[in-house]
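Quick notes on the structure that follows.
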Protein chains: 2
Amino acid sequence: MTRRVTSFDVAARAGVSQSAVSRVFSGASASKATVDKVREAAEALGYRPNVLARSLITGRSRIIGLVVAYLGNPFYPDALERFSRDLQDEGYHTLVFTVPEGAGDTDTDRIIQQMLDHQVDGIVLASVGLGDALAARCEAAGIPVVLFNRGQAGSGLAQVTSANRLGGAKVADFLVAGGHARIGHVAGWQGSSTGRDRTEGFVARLAELGQDCVGVEDGRYDHAEAVRVTDLLLAKGVDALFVGNDHMAFAVMDHLRCTLGLSVPKDVSVVGYDDVPMAAFAAYDLTTVRQPVGRMVKTTVAALINQIEDKSAQAEVTEIDGPLMLRGSARKPEGFA
Amino acid sequence: MTRRVTSFDVAARAGVSQSAVSRVFSGASASKATVDKVREAAEALGYRPNVLARSLITGRSRIIGLVVAYLGNPFYPDALERFSRDLQDEGYHTLVFTVPEGAGDTDTDRIIQQMLDHQVDGIVLASVGLGDALAARCEAAGIPVVLFNRGQAGSGLAQVTSANRLGGAKVADFLVAGGHARIGHVAGWQGSSTGRDRTEGFVARLAELGQDCVGVEDGRYDHAEAVRVTDLLLAKGVDALFVGNDHMAFAVMDHLRCTLGLSVPKDVSVVGYDDVPMAAFAAYDLTTVRQPVGRMVKTTVAALINQIEDKSAQAEVTEIDGPLMLRGSARKPEGFA
DNA sequence: CGTGATTTTGCACACCTATGCAAAGTGACG
DNA sequence: CGTCACTTTGCATAGGTGTGCAAAATCACG
């Protein structure tokens, strides 16, 4: 195995100093003549700057830590793929950390520690619960953090979500317009801001419209749990269900149709949240609120890079609106916009 | 922002030399007394070794590059999650690279280059086509590579797949035992070894059983394409379809049931390949060959680490057998084992 | 206690690049 | 040509760790 070719080798061949080589490759000023000589020598030798050495001295690794909890919900692989792509386009790379199923603060802290070890320039926390200690740790280390698809009030951290309250309200409007009289809600995990916000927006709008929600049960973003609480709501005689995310909605629909032999939307209308690709599959054809992943990711990346490049930048809280996708799993009001 | 605490700081406080600190943290030999002093000082100062500096000098980054093409097929997020976890357990981290949809060799090469730049200790290529140049490049750079869920004959690279030929044969056995007379095949992309192997195993076993395959059409692992060729096969009057992976099978089933109004499995039996979590959803209840992701990933990780730690290690080619999961999308032969 | 074998320790350097600083170079203008 | 403003260049050092080498310390044993 042959030794790596270094900037000194290039310098020697080009007849300049090592600094000159460094300057050419880090985009600092240099005369046309030098640039040409260096470029040619580098080409000939197959030189590439050593990223590690560069990071060591600049203190910037151009690596972003992406923490993600559960890829079983297809919303996240989609987001992950886009993060990787968008970050690549910006010259950054993605170090992925998965936090184990029932991870406590200890695990999260260990992961944060590992990210600090790798000197990541920024962190995206995708939908992971986090202790208060975290914000402080990152603050101390001066590492920008953006929460993706989850908020934490008063944390002072930047965050990007969809307009969850508004989304919930849209569903309420839609179901009421559809003439549903007994509406139930399989909520997203109430320990998460997204879950709470969707529920709040939904219930509040129902009230505004003069309807009571027949029942709200926490489905905890879990298949089995969603099915269990669906039965509770059915016992109350619901004719429509707003389910906290698509992933649970699939389980609910399967349960209604295949286990109970009910018809969707004839017996029960079902509305989800996320608009994952699968929601458009004919087997489900799920009416759902779209979370605009693409824009959410782009916004997150922009916010992160902004913070990285300008440490004094404000931590912004962004909500991105998404449309209600009208499909076949819920009765359609006539002429509903 | 306070300066990082270095091994010199710890050394000073512990009253030893910097080398001693280094030795303690890199697990080299040291006296009990030194170890204790260093540990205590490090604890007090909150010292953590600088990973970059360490990597720079050892030439080992403890980072694995994971290249993945398409996360829309839920098989890959599952694998990705497991890779991240298993590698974390082994003290490695995962740098994710996504290769754009219609990427040519140029893109792949650029990605490889970026991984070399980051001095990854090893590379997992998950189901990505690759030019011949690649193997040479990695060979030259001395970086171990393992192909995951795709093989390349004669590349000399290590690879881990499921027993695709055998799997295809199992499906043939099953469908014939089920009394199907006109069997068709929506093949996985024939440009990939997995696609070809499954098809070969399937067709060969059918022949052994004295049956002709009514038709074989390349579905290219793509929804729309799978649907298109399904129509071609239906025109030939098939009563059973073996589909090259679950992801396509869902599209095929949706098409058969929802667009054409056919019954699965009454009119047409459908069998998939992968056993992604969704295959067990009641809406599909897909009979399929399981790819044991867990074991495949563990095997891949083991093979990779083995190669990293012992550069002279042979590049092994491993096939892992998985069972046929009997569900409701295909007619069941009586007493089929 | 003396001697040789073995372990522990510190010194100094290597890994490879970026950057502050001062010297050298370039060009403009009177 | 002289002066000044400005750009380019090389020198030297920093960034934080691992490791070969030789000196020092420890241990075993007669």
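Values below: every heavy atom of this structure, side chains too, minus hydrogens, waters and symmetry copies. Throughout, protein chains are lettered first and strands after them, A, B, ... in sequence-line order, and every chain is numbered starting at 1.
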Next item on the list: Using the ring of A/Phe25 (Phe, Tyr or Trp, six-membered ring only), decide whether A/Arg39 places NZ or CZ under 6.0 Å from its centre and within 45 degrees of its axis.
Entry: yes
Notebook entry, point to check: Taking atom CZ of A/Arg23 and atom OG of A/Ser7, what is their separation to the nearest 0.5 Å?
Noted result: 12.0 Å
Check: So what does A/Phe8 hit on the nucleic acid, given a heavy-atom distance under 4.0 Å: a base, only sugar-phosphate, or nothing?
Finding: base
Next item on the list: Whole angstrom is fine here: how far is it from CD1 in A/Ile57 over to P in D/dG15?
Entry: 8 Å
Checklist line | B/Glu40 atom CD, over 12 foreign heavy atoms within 6.0 Å | finding: no
Item checked: Plane angle bin for B/Phe75 and B/Phe148 - parallel if under 30°, tilted between 30 and 60°, otherwise perpendicular -> parallel
Margin query: Measure CG/A/Asn50 against P/C/dA18 and give the value in whole Å, please.
Written below: 9 Å
Note to self: For a quick check of understanding: with a heavy-atom distance under 4.0 Å over all strands, which category does A/Val21 fall into, base, sugar-phosphate or nothing?
What the structure shows: nothing
Check: Does B/Ser7 place a side-chain N or O at less than 4.0 Å from the phosphate oxygens OP1/OP2 of D/dT17?
Finding: yes
Check: Hey, does the side chain of A/Thr300 reach the backbone of A/Met296 with a donor-acceptor pair shorter than 3.5 angstrom?
Finding: yes
Notebook entry, point to check: If you check the B/Tyr47 side chain, which of D/dG10, C/dT17, D/dT17 turns out closest?
Noted result: D/dT17
Next item on the list: Considering just the side-chain nitrogens and oxygens of B/Ser26, establish if one lies under 4.0 Å of OP1 or OP2 belonging to D/dT17.
Entry: no
Next item on the list: Could you state the atom-to-atom distance from CZ of A/Arg54 to P of C/dA18 in whole Å?
Entry: 4 Å
Next item on the list: Send over the distance from A/Asp117 CG to D/dG16 P, rounded to a whole Å.
Entry: 14 Å
Checklist line | Separation of D/dG16 P from A/Arg60 CZ (nearest whole Å) | finding: 17 Å
Check: In whole Å, what is the span from the NZ atom of B/Lys32 to the P atom of C/dT9?
Finding: 13 Å
Notebook entry, point to check: Atom OG of B/Ser55 and atom CG of B/Asp121: how far apart are they, to the nearest 0.5 Å?
Noted result: 7.5 Å
Check: Can you check the B/Arg4 CZ to D/dG15 P distance for me, whole Å?
Finding: 13 Å
Check: So does A/Ser22 get a side-chain nitrogen or oxygen closer than 4.0 Å to the phosphate oxygens (OP1/OP2) of C/dT17?
Finding: no
Check: Quick one: on DNA chain C, does B/Leu56 or B/Gln18 contact a more 5' nucleotide (nearest heavy atom)?
Finding: B/Gln18
Next item on the list: Would you indicate which nucleotide in C/dG10, D/dC11, C/dC15 comes nearest to any side-chain atom of A/Ser17?
Entry: D/dC11
Margin query: Any residue in residues 34-46 of chain B with a heavy atom nearer than 4.0 angstrom to DNA chain D? Just list them by number, or reply none.
Written below: none
Item checked: Lys/Arg-Asp/Glu bridge criterion (N-O < 4.0 Å) met for B/Asp89, B/Arg85 -> no
Check: Given the side-chain rings of B/Tyr70 and B/Tyr221, with only the six-membered ring counted for Trp, is the space between their centroids under 6.0 Å?
Finding: no
Notebook entry, point to check: Does a nitrogen or oxygen in the side chain of A/Ser19 sit under 4.0 Å from OP1 or OP2 of D/dA12?
Noted result: no
Margin query: Can you tell me whether the side chain of B/Arg23 and the base of C/dG10 have a donor-acceptor pair closer than 3.5 Å?
Written below: yes
Notebook entry, point to check: Roughly how many Å is it from CG in A/Leu52 to P in D/dT17, rounded to a whole number?
Noted result: 14 Å
